[in-house]
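The chain is numbered in sequence order, starting from 1.
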Amino acid sequence: MVVWLYLHFPSLQLDTLFKDSDIPLAIVHNKNHQIVQLNTISAQSGIQLGMGLGTAAALCRDLQIHPYNESTENKALIQIAEWLYLTTADIHLLKPNGLLLKVSSMLTLYENLTTYWQAIQSHLAHFSVNYYYATGYSPNAAKLLAQAGVNQITEDKQLINRALAKIPLTKTELPLKTITSLKRVGVQYINDLLKLSLAEIAKRFDIELVTYIGKLSGQLKHPVDFFHPAEQFNYELELMYEIDLVDKLIKPLQKIFSLLEHFLLVRNKQTSEVNITLFLRDLAKQQIKISSAQGEYKAEKWLELTKLTFESITINAPVISIRVAAANLFAFEIDKQDMFVGAKGEITPKALIAKLQAKLGEEQVTGIQLFDDHRPERASQYCRPFTQTDITTDIDRFRPSILLTTPTPLTGKLDIRHGPERIVSGWWDNENIIRDYFIARNNSGQWLWIYRTPQNQWFVHGLFC
């Protein structure tokens, strides 16, 4: 038989956003204004789950209230599922606060249920969230046991059935009308319900109850869709308070980058570009692009590049939310080094380019691309770093280290040492040139690259260093 494990997270929003809070705090549902989650300090004041907001406020005047946000729990649940995906393959999300794991297919890898559960626990410890757990021979049974706080890991069917038998029907997902009808005939616990035959139940109750019992006992199949991790990282963090200083954004970004690191590590990937979107109060959003020429996955590396970029960034209004997206994912590149070459610098060329771009701006740091053109001013152009292609050039030609953007008229006497080298080119695009180039030396000892036009005009075009 198939063994299922259910993980129930009763206070996922509280644990995710307010785990380190040292004040009385509670999460309140918007519809019925009842307490759905609370921390230990609130519980010590006498506040209980299901209590009304008015009663809770009367018991603790310092109680801090936050509205329940299902999307926050959904995001946290997906993060946990992605992390557990390193340990177990078949995961089904039961949003907003439950994970169903198919155990049977993993026991051949972990040898037994105990070893498997130890691996799950070690991964759950990464999140510091409260959870209940239970195993069962049907998804519904495992879920019911976990939500009841049984906390039982076993393959023993008798132990599972014994634990199920003690659960009252009020803990199930059955409609209140159905529970009331069952109570009238003396059925108050799961044990009482399972003693009844499906044929007898079908005569007196609707088909939903028959279906529920069939799925609970495993007689009917419970179809599930297994989780597959996303291929793109896109995470938005709503700030608990407005931030109007760029330096204060580093701490929430550190949290997001740690999630990005985990996201990339699971997939054995890295990214070369991170896009940060700052949502401002009463103003349009502000977008910032952080690039890394060699690609990174570590949170500390992206945080370092972000700090350098933020030195030249200003925000015009308080930030209320931050979104980080990374789309250009690619496999890890192994940095190959010759062990006999000796010690190298602590930073690779691509990492240096990434730091310079973060500090000065991406458009301020470029590479030089050679082009197959005889005209000196067109023989090379700026390009993105490390995108140069090899061009076969005549290595016997003498070319200056510095080429002037605009040739300057020649003044003073020179001593010509080499030349002429005639360049006639550009007739195909109506920017043709006819020049005779020379290498000369002036009275100050400078070596110059000069040329003469057909009109016998002389210009300096470059300097030899």
Asks: Anything under 30° is parallel, anything over 60° is perpendicular, the rest tilted; go ahead and classify Trp4 against Phe226.
Replies: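 Trp4 and Phe226: parallel rings.
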
Asks: Which residue is it: Leu463, Val460, Ile402, Ile439? I am looking for the one with a side chain to side chain contact (heavy atoms under 4.5 Å, CB included) to Trp449.
Replies: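 The side chain to side chain contact (heavy atoms under 4.5 Å, CB included) with Trp449 is passed solely by Ile439 among Leu463, Val460, Ile402, Ile439.
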
Asks: Within a strict 4.5 Å, meaning less than it, do heavy atoms of the Val2 and Lys102 side chains meet?
Replies: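 Result yes, sub-4.5 Å side-chain heavy-atom pair found.
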
Asks: Crowded around His374 NE2? As in, over 12 foreign heavy atoms under 6.0 Å?
Replies: no

Asks: Rounded at 0.5 Å granularity, tell me how far NE2 in His222 sits from CG in Asn140.
Replies: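 Those atoms lie 5.5 Å apart.
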
Asks: Write down the atom of Ile41, the atom of Ile23, and the distance for their closest heavy-atom approach.
Replies: CD1-N, 3.8 Å

Asks: Quick one: does any side-chain atom of Gln13 pair with a main-chain N or O of Glu73 as donor and acceptor, under 3.5 Å?
Replies: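 The answer is no, because no donor-acceptor pair under 3.5 Å joins these two groups.
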
Asks: Within the side chain of Asn130, is there an N or O that forms a donor-acceptor pair under 3.5 Å with the backbone of Ser11?
Replies: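 It does not hold such a pair.
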
Asks: With a 4.0 Å cut-off on N to O distance, would you call Glu421 and Arg399 a salt bridge?
Replies: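 Here Glu421 pairs with Arg399 in a salt bridge, since their nearest N and O are under 4.0 Å apart.
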
Asks: Taking all non-hydrogen atoms of both residues, which atom of Lys95 and which atom of Ile78 are closest, and how far apart?
Replies: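 Reported closest heavy-atom pair: NZ-CD1, 4.3 Å.
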
Asks: Show me the donor-acceptor pairs within less than 3.5 Å that the side chains of residues 252-259 make with the rest of the protein, sequence neighbours left out.
Replies:
| unit_1 | atom_1 | unit_2 | atom_2 | d |
| --- | --- | --- | --- | --- |
| Ser258 | OG | Lys255 | O | 2.5 |

Asks: Roughly how far apart are Ile91 CD1 and Tyr85 OH, rounded to 0.5 Å?
Replies: 7.5 Å

Asks: Do other residues, nucleotides or ligands put more than 12 heavy atoms under 6.0 Å from Glu311 CD?
Replies: yes

Asks: Which label fits Tyr133 and Tyr131: parallel for a plane angle under 30°, tilted from 30 to 60°, or perpendicular past 60°?
Replies: tilted

Asks: Is there a donor-acceptor pair closer than 3.5 Å between any side-chain N or O of Asn275 and the backbone N or O of Gln287?
Replies: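 Absent.
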
Asks: Side chains of Arg422 and Val424: closer than 4.5 Å at any heavy-atom pair?
Replies: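 Heavy-atom side-chain distance check passes, below 4.5 Å.
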
Asks: Are any non-hydrogen side-chain atoms of Ile27 and Phe18 less than 4.5 angstrom apart?
Replies: yes

Asks: Decide side-chain contact (heavy atoms from CB on, under 4.5 Å) for Ile35 and Val28; before the verdict, give the C-alpha distance in whole Å, the side-chain angles of both, and the deciding distance to 0.1 Å.
Replies: CA-CA 5 Å; Ile35 305 295; Val28 179; 3.7 Å; yes

Asks: Rounded to the nearest 0.5 Å, how far apart are CG of Leu404 and CG of Leu448?
Replies: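 Those atoms lie 9.0 Å apart.
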
Asks: Using a 6.0 Å cut-off, check whether atom CH2 of Trp427 has over 12 heavy atoms from anything other than its own residue.
Replies: no

Asks: Testing the basics here: between Trp302 and Ile290, what is the closest heavy-atom pair and its distance to 0.1 Å?
Replies: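 It is CZ3-O, 3.7 Å.
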
Asks: For Thr87 and Ile120, indicate whether the former's side chain and the latter's backbone hold a donor-acceptor pair under 3.5 Å.
Replies: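 No.
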
Asks: Nearest 0.5 angstrom please: Leu280 CG to Lys285 NZ, how far?
Replies: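 Result: 11.0 Å between the selected atoms.
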
Asks: One thing to verify: whether Arg435 and Glu377 come together as a salt bridge, which I'm taking to mean a side-chain N less than 4.0 angstrom from a carboxylate O.
Replies: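 Yes, Glu377 and Arg435 are salt-bridged.
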
Asks: Going by side-chain hydrogen bond (donor to acceptor under 3.5 Å, both in side chains), Ser321 matches just one of Glu238, Glu236, Arg281. Which one?
Replies: Glu236

Asks: Please tell me if the side chains of Trp117 and Thr114 come closer than 4.5 Å, counting only heavy atoms from C-beta onward.
Replies: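 When only atoms from C-beta onward are counted, Thr114 and Trp117 do not touch, as no gap falls below 4.5 Å.
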
Asks: Once you round to the nearest 0.5 Å, how far does OG1 of Thr306 lie from CD1 of Ile276?
Replies: 4.5 Å

Asks: So do the side chains of Ile433 and Tyr451 get within less than 4.5 Å of each other, counting heavy atoms only?
Replies: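 No - every pair of side-chain heavy atoms lies 4.5 Å or more apart.
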
Asks: I want to check something: taking the side chain as every heavy atom from C-beta on, are Phe310 and Ile288 in contact at a cut-off of under 4.5 Å?
Replies: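 Of all side-chain heavy-atom pairs linking Ile288 with Phe310, at least one is under 4.5 Å.
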
Asks: With a 4.0 Å cut-off on N to O distance, would you call Glu82 and Arg267 a salt bridge?
Replies: yes

Asks: Is there a donor-acceptor pair closer than 3.5 Å between any side-chain N or O of Glu261 and the backbone N or O of Ala299?
Replies: yes

Asks: Starting from the C-alpha separation in whole Å, work towards a yes-or-no answer on side-chain contact (heavy atoms from CB on, under 4.5 Å) for Leu84 and Leu7.
Replies: CA-CA 11 Å; Leu84 289 179; Leu7 301 171; 3.9 Å; yes

Asks: For Gln37 and Tyr68, test the side chains for any donor-to-acceptor distance below 3.5 angstrom and give the result as yes or no.
Replies: no

Asks: Walk me through whether Leu239 and Ile320 qualify under side-chain contact (heavy atoms from CB on, under 4.5 Å).
Replies: CA-CA 6 Å; Leu239 302 176; Ile320 59 176; 5.9 Å; no

Asks: Please work out whether the ring planes of Phe127 and Trp83 are parallel, tilted or perpendicular, with thresholds of 30° and 60°.
Replies: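 If you compare the ring of Phe127 with that of Trp83, the planes turn out perpendicular.
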
Asks: Does atom NZ of Lys75 have more than 12 heavy-atom neighbours from other groups under 6.0 Å away?
Replies: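 Above 12, so yes.
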
Asks: Is there side-chain contact between Lys307 and Leu303, with at least one heavy-atom pair below 4.5 Å?
Replies: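 They are in contact (side-chain heavy atoms under 4.5 Å apart), so the answer is yes.
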
Asks: Nearest heavy-atom pair of Pro10 and His8: which atoms, and what distance?
Replies: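 Minimum heavy-atom contact is CD-O, 3.3 Å.
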
Asks: Pro96 and Leu12: which non-hydrogen atoms are nearest, and at how many Å?
Replies: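 So the minimum-distance heavy-atom pair works out to O-CD2, 3.8 Å.
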
Asks: Got a second to check how far Phe227's CZ is from Leu99's CG, nearest 0.5 Å?
Replies: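 Between Phe227 CZ and Leu99 CG, I get 9.0 Å after rounding to 0.5 Å.
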
Asks: Under 4.5 Å between any side-chain heavy atoms of Cys60 and Ile47, yes or no?
Replies: yes

Asks: Please determine which of Leu17, Leu14, Leu25 meets the side chain to side chain contact (heavy atoms under 4.5 Å, CB included) test together with His66.
Replies: Leu25

Asks: Would you find more than 12 non-hydrogen atoms of other residues, nucleotides or ligands less than 6.0 Å from Asp225 atom CG?
Replies: no

Asks: Please walk me through it: do Tyr137 and Val3 pass side-chain contact (heavy atoms from CB on, under 4.5 Å)?
Replies: CA-CA 5 Å; Tyr137 283 98; Val3 180; 3.7 Å; yes

Asks: State, without any angle test, whether Asn74 and Ser71 hold a side-chain donor-acceptor pair at a distance under 3.5 Å.
Replies: no

Asks: For Leu5, is there any backbone N or O sitting under 3.5 Å from a side-chain donor or acceptor partner on Thr135?
Replies: no

Asks: Around atom NE2 of His126, are there more than 12 heavy atoms of other residues, nucleotides or ligands at under 6.0 Å?
Replies: yes

Asks: Looking at every non-hydrogen atom in both residues, tell me the closest pair between Asn30 and His33 and how far apart they are.
Replies: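 Scanning both residues completely, I find the closest heavy atoms to be O-CE1, 3.4 Å.
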
Asks: One thing to verify: whether Arg452 and Asp436 come together as a salt bridge, which I'm taking to mean a side-chain N less than 4.0 angstrom from a carboxylate O.
Replies: yes

Asks: Say whether, by atom type as modelled, one donor and one acceptor occur between the side chain of Ser122 and the main chain of Ala119 under 3.5 angstrom.
Replies: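 Confirmed, Ser122 side chain pairs with Ala119 backbone.
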
Asks: Determine whether Thr88 and Tyr110 satisfy the following criterion, side-chain hydrogen bond (donor to acceptor under 3.5 Å, both in side chains), listing intermediate values before the conclusion.
Replies: CA-CA 10 Å; Thr88 187; Tyr110 289 95; over 6 Å; no

Asks: Crowded around Gln457 CD? As in, over 12 foreign heavy atoms under 6.0 Å?
Replies: yes

